[in-house]
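This structure is a prediction, so every number in the text was calculated from the model and none was measured.
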Amino acid sequence: MRGVATHTDSSTATAKPAQATPRIAIASCMAFICAQLLDITVFDRLRRGNWWRAPAVATSCSATLDTAIFWTIAFAGAPLPWVSWAVGDWLVKLGIGLCLLVPFRALLWKMAPARM
């Protein structure tokens, strides 16, 4: 879950999860829903092309939208370097998504019907 951190309660000396602010919770929910809907739409429209195109383009688009919505709603106006954090978050999402194309291709190959 985004925005979850831990803090130590000095009276009990145990770590307890800090709760996300409503702004972060709303940002996370909005970003997730919008990005997933975009991902499904883009993937569905491109699925008949090259094996890599649909997942690569859909992941790139949805990661961009997710990052833009979350970081803007959660931190816009805050005196924090949130734009640079957002760029880093976006680059990690893109990197992971593109790296997962290799196992995705292997899965497609393994699931393909045997050719005679």
Side-chain angles (χ1 to χ4, degrees):
M1 183 169 142
R2 296 178 200 232
V4 173
T6 59
H7 68 279
T8 303
D9 182 351
S10 60
S11 64
T12 61
T14 59
K16 296 180 180 178
Q19 294 193 2
T21 65
R23 184 174 173 179
I24 291 174
I26 290 168
S28 182
C29 183
M30 293 288 297
F32 177 79
I33 291 170
C34 293
Q36 287 302 306
L37 292 173
L38 179 64
D39 186 75
I40 291 165
T41 302
V42 171
F43 189 94
D44 187 54
R45 289 187 183 190
L46 299 177
R47 70 180 341 155
R48 300 207 194 315
N50 293 333
W51 70 268
W52 57 267
R53 195 172 84 193
V57 174
T59 297
S60 299
C61 292
S62 64
T64 302
L65 184 64
D66 179 80
T67 301
I69 290 173
F70 174 76
W71 289 96
T72 302
I73 293 173
F75 296 106
L80 299 167
W82 66 270
V83 174
S84 61
W85 296 344
V87 170
D89 180 53
W90 177 66
L91 291 173
V92 168
K93 287 176 190 173
L94 290 178
I96 290 171
L98 295 176
C99 286
L100 289 175
L101 282 176
V102 173
F104 177 73
R105 177 60 177 158
L107 182 65
L108 287 178
W109 180 75
K110 186 162 182 88
M111 293 177 61
R115 295 183 185 182
M116 299 230 162

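- In terms of the side-chain contact (heavy atoms from CB on, under 4.5 Å) criterion, residue partners of Ile33 (sequence neighbours excluded) are, by chain and number, Cys29, Leu37.
- Cluster partners of Leu100, by chain and number: Val92, Ile96. The rule joins Ile, Leu, Val, Met, Phe, Trp and Tyr whenever side-chain heavy atoms lie under 4.5 Å apart.
- Residue Met111 is found in a hydrophobic cluster whose other members, listed by chain and number, are Leu107; membership requires side-chain heavy atoms under 4.5 Å apart, directly or through intermediates.
- When the ring pair (Phe, Tyr, Trp, His ring centres under 6.0 Å) test is applied to Phe43, no partner is found at least two apart in sequence or on another chain.
- Between the Ser28 side chain and the Ile24 main chain, no donor and acceptor come within less than 3.5 Å of each other.
- The heavy-atom pair separating Thr67 from Ala86 by the smallest distance is CG2-O, 3.3 Å.
- Applying the side chain to side chain donor-acceptor pair (under 3.5 Å) test to every pair with at least one member in residues 29-40, sequence neighbours left out, gives these pairs: Asp39-Ser62.
- You'll find the side chain of Ile69 stays beyond 4.5 Å of the side chain of Phe32, heavy atoms only.
- A search for side-chain contact (heavy atoms from CB on, under 4.5 Å) contacts involving Ala68 returns nothing, not counting sequence neighbours.
- Clustering of Ile, Leu, Val, Met, Phe, Trp and Tyr side chains at separations under 4.5 Å places Leu94 together with Val87, Trp90, Leu91.
- Looking at residues two or more places apart in sequence or on another chain, you find a side-chain contact (heavy atoms from CB on, under 4.5 Å) between Trp52 and Asn50, Ala56.
- Judged as a side-chain contact (heavy atoms from CB on, under 4.5 Å), and not counting sequence neighbours, the contacts of Leu38 are Val42, Cys61, Leu65.
- The salt bridge (Lys or Arg N to Asp or Glu O under 4.0 Å) pairs that include a residue from residues 43-55 are Asp44-Arg47, where partners are two or more places apart or lie in different chains.
- In this structure, Thr72 and Ala76 approach most closely via the heavy-atom pair O-CB, 2.9 Å.
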